[in-house]
Amino acid sequence: MTVGSRGRPGDAGCEVPPDRLRAANDAPVRGDGAYVLYWMIAARRAASNFALDRALAWARRLGLPLAVFEPLRLDYPWASARFHRFILDGMAENARAFGAAGVAYLPYVEPTPRAAEGLLMALAARAAVVVTDDFPSFFLPRMVAAAGRSLPVRLEAVDSNGLLPMRAAPKTFERAVDFRRFLQRELPPHLHAFPDPAPLADLEPALRLAGLDAGPRWPAAAALLAGDAAAFERLPIDHGVTPFRAGGSAAGREALRSFVGERLERYGEERNQPALDATSRLSAFLHFGHVSAHQVFTAVAEQQGWNPSRLGLENRGARAGWWGMTPAAEGFLDQLVTWRELGYNLASQREDYDRYESLPVWARQTLDAHAADARPRVYSLAELAAAATHDPLWNAAQRQLLAEGYIHNYLRMLWGKKILEWSPGPRQALAAMIELNNRYAEDGRNPNSYSGITWCLGRYDRPWGPVRPIFGTIRYMSSENTARKMDVKPYLRRYAG
DNA sequence: ATCGGCTCGCGCAA
DNA sequence: TGCGCGAAGCCGAT
C-alpha cells in the first residue's frame with residue numbers, strides 16, 4: 001500500500017481529520033460569499049497542506065472558487081532580512097504554483113508597520129468562510145484568536161503541523177520517552193491520513209478565479225516577489241541579520257532530496273560530527289511551512305522501501321526498533337516526529353511554553369537554589385551575541401548561528417548550558433537564549449526550537465548528580481568533554497573568528 | 001576508543 | 001511488584 005495515500009480531492013477521504021480542525025469563532029458560513037478564503041500564515045505551501053485541503057473541500061461543497069491570501073507582516077519581533085528573504089522566496093513560488101493552477105492568490109508584504117491592518121477584514125467581507133493555519137507558538141495564536149473575534153464570517157483553524165494532530169494528545173509529557181511511548185500506541189492510524197500531495201492538479205474550472213484584488217491600498221507585493229533588491233532594502237527590518245540560503249518549497253524539496261538521497265544512511269554514524277554536514281537542515285523549511293512533516297516522512301519511507309506493516313507492536317518507548325527501518329532512518333524519525341512534535345504538544349497546550357515558570361518543578365527548584373551562586377564569568381547579551389567569550393568552541397557555535405541561522409544539534413546543547421553558566425541567573429539565561437535564538441536562528445520562534453533551548457534548563461530531562469555550582473542537578477556539559485567526544489577541529493576552523 | 005555503572009521516575013505487564 | 005527505558009551528563013576500567 002502507499003504511505004498516507006488519501007485518494008483524489010472529491011473523494012470522501014479528502015476531508016480533513018476532525019481533530020485537526022477547530023472553529024476560531026461562532027460566526028456563520030455566509031451564503032452570499034464570493035469565494036472561500038485561505039488565510040495562509042504558517043503552512044506556506046501549495047501542497048501537502050491540510051488547511052488548503054479544507055479550503056478546497058469548502059469551495060467544492062459551496063460551489064465557490066478558492067482565494068488564497070498570504071501576508072507577511074513587518075512589526076513582528078526579530079523581523080529581519082534573513083526571515084523576510086526566506087518567506088518571500090516561498091511567496092514567489094506560491095504565486096507560481098497557484099497561478100499555474102488558476103487559483104487566485106494575493107501575496108501581501110507590509111511596506112510600513114501595520115499597513116495590513118484591515119486587509120483581512122476587507123478580504124473576508126466577500127468570503128463565505130475563512131480557513132487559516134493552526135500554529136501554536138509566537139504571535140500566531142493571539143492573532144488568530146483576535147481575527148476570530150472580529151470577523152463576521154466563520155473562521156476555521158487547521159492543524160497541518162505534524163504527523164500527530166496536536167489535539168490527539170490529551171496531556172503534556174515530562175520526558176521524550178513518555179511521548180514516544182504514546183506515539184507508538186497512538187500514531188499508526190494517523191499514518192493513513194495524510195494531506196493531499198498534489199491538491200492543485202487538474203483543478204475543476206469552478207474553483208478558479210482570475211485574481212484576488214484588495215484595491216490600491218493593498219497592492220500585491222509584485223516587485224519584492226520578483227526580486228527587486230532596492231524594494232527589499234527599503235523594508236524597515238533588521239538588515240544586519242543577513243540571508244543565508246533561499247527559502248521556498250522548491251529549495252525545501254531539494255534539501256529533502258539531497259538529505260534522503262545522499263546523507264540519510266550516514267546520519268546514524270555522522271550526525272554528531274558537526275563538521276560533516278550529515279544533518280538534514282530541514283528545520284527552517286518545516287518552520288515556515290515550505291515543506292510538510294508528511295512530505296519528509298514520505299520521502300524517508302520511500303527511500304526505506306517501508307510500509308506500515310513494518311511497525312513494531314511493542315510500545316515501550318524505545319528509540320530503536322519500532323519503525324522497522326534502518327537505525328539511521330529511525331534516528332532521524334526520532335528527531336522529526338518524537339522531538340519535533342513534543343515541542344508542538346507543549347506549545348499547543350500551555351500558553352507559558354516559553355516562560356521560566358513552565359520548566360519542571362525539580363528544575364526550577366534546583367536552579368533557584370543555585371541562583372545566587374557565584375558566577376566566575378558573566379557575559380552580557382552583547383558579548384554573547386558578538387561571540388566574544390573566552391571559549392573558542394562556544395564562540396564557533398555562536399558564529400555558526402550568526403552566519404547560518406543554525407547551530408549543530410549537539411553543540412546547541414553546549415551553547416545553552418554555557419549561557420546558563422555565564423548569566424547572572426537562570427531567568428536571565430533563558431531570556432538570553434530566547435533573544436539570540438529568535439533573532440538569528442532560521443527556525444527560532446518555533447515550538448521545537450523552544451524545546452531545544454529549554455532542554456538546557458532541564459525540560460524533558462532529569463536530575464543528574466553530582467550537585468554543581470550554578471547548575472545544581474541540571475545536567476552539566478563542558479567544552480572540554482565535548483571536544484573529547486567529537487572531532488571539533490574542523491568545526492573550529494570553519495567558524496574561526 | 002569503548003563500555004558499564006551511576007540513578008530513578010514512570011508506564012505497563014503480570 | 002518487577003522490568004525496560006532514558007537528548008548526547010560524569011568517572012574509571014579495559
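To find a chain, count down the sequence lines: A is the first, B the second, and so on, and within it residues start at 1.
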Suppose you measure atom C1' in B:dC12 against the same atom in C:dA7; what distance do you get, rounded to whole Å? 23 Å

Looking at A:N315, does any N or O in its side chain come under 4.0 Å of the phosphate oxygens OP1/OP2 on B:dG11? no

Could you tell me if A:R468 sits above the aromatic ring of A:Y476, with its cationic atom closer than 6.0 Å to the ring centre and no more than 45 degrees from the axis? yes

By nearest nucleotide on DNA chain B, pick out whichever of A:R181 and A:W464 is the more 5' one. A:W464

A:R44 to A:F86 six-membered ring, cation-pi geometry met (6.0 Å, 45°): no

Taking any heavy-atom pair under 4.0 Å as a contact, classify A:R180: base, sugar-phosphate, or nothing. sugar-phosphate

Are any non-hydrogen side-chain atoms of A:L411 and A:M413 less than 4.5 angstrom apart? no

Roughly how far apart, to the nearest Å, are B:dT7 and C:dT1 at atom P? 22 Å

Roughly, in whole Å, what's the span from NZ in A:K417 to P in C:dG9? 10 Å

Across the strands shown, which category fits A:N409 at heavy-atom distances under 4.0 angstrom: base, sugar-phosphate, nothing? base

Only one of A:L346, A:L187, A:L163 forms a side-chain contact (heavy atoms from CB on, under 4.5 Å) with A:E341, so which one is it? A:L163

Below the 4.0 Å mark, does C:dC5 have OP1 or OP2 next to a side-chain nitrogen or oxygen of A:R316? yes

With a 4.0 Å cut-off on heavy atoms, is A:M413 in touch with a base, just the backbone sugar-phosphate, or nothing at all? base

Does any N or O donor sit under 3.5 Å from an N or O acceptor when you compare the side chain of A:R319 with the base of C:dG6? no

How would you label the contact of A:Q335 with the nucleic acid (heavy atoms, under 4.0 Å): base, sugar-phosphate, or nothing? base

Tell me the interatomic distance from A:W362, atom CH2, to B:dC8, atom P, rounded to whole angstroms. 13 Å

Dot-bracket summary - DNA chain C, pairs being Watson-Crick or G-U whose distances fall under 3.5 Å, with | when paired to another strand: ||||||..||||||

Rounding to the closest angstrom, what is the interatomic distance between C:dG9 and B:dC10 at atom P? 24 Å

Ion pair A:D334/A:R319, N-O distance below 4.0 Å: no

Cation-pi between A:R445 and A:F83: NZ/CZ under 6.0 Å from ring centre and within 45° of the ring axis? yes

Looking for any heavy atom pair under 4.0 Å, which part of the strands does A:R468 touch: base, sugar-phosphate only, or nothing? sugar-phosphate

A:E421 CD to C:dG9 P, straight-line distance once rounded to whole Å: 15 Å

If the cut-off is 4.0 Å, is A:K485 near the phosphate of C:dC10, judged by side-chain N/O to OP1 or OP2? yes

Run the salt-bridge test on A:R82 and A:E442 with the 4.0 Å N-O cut-off and return the result as yes or no. no

Report the distance from atom NZ of A:K171 to atom P of B:dG11, rounded to the nearest whole Å. 5 Å

B:dG9, OP1 or OP2 - any side-chain N/O from A:Y460 closer than 4.0 Å? no

At less than 4.0 Å, is any side-chain N or O atom of A:R185 found next to OP1 or OP2 of B:dC12? Yes or no. yes

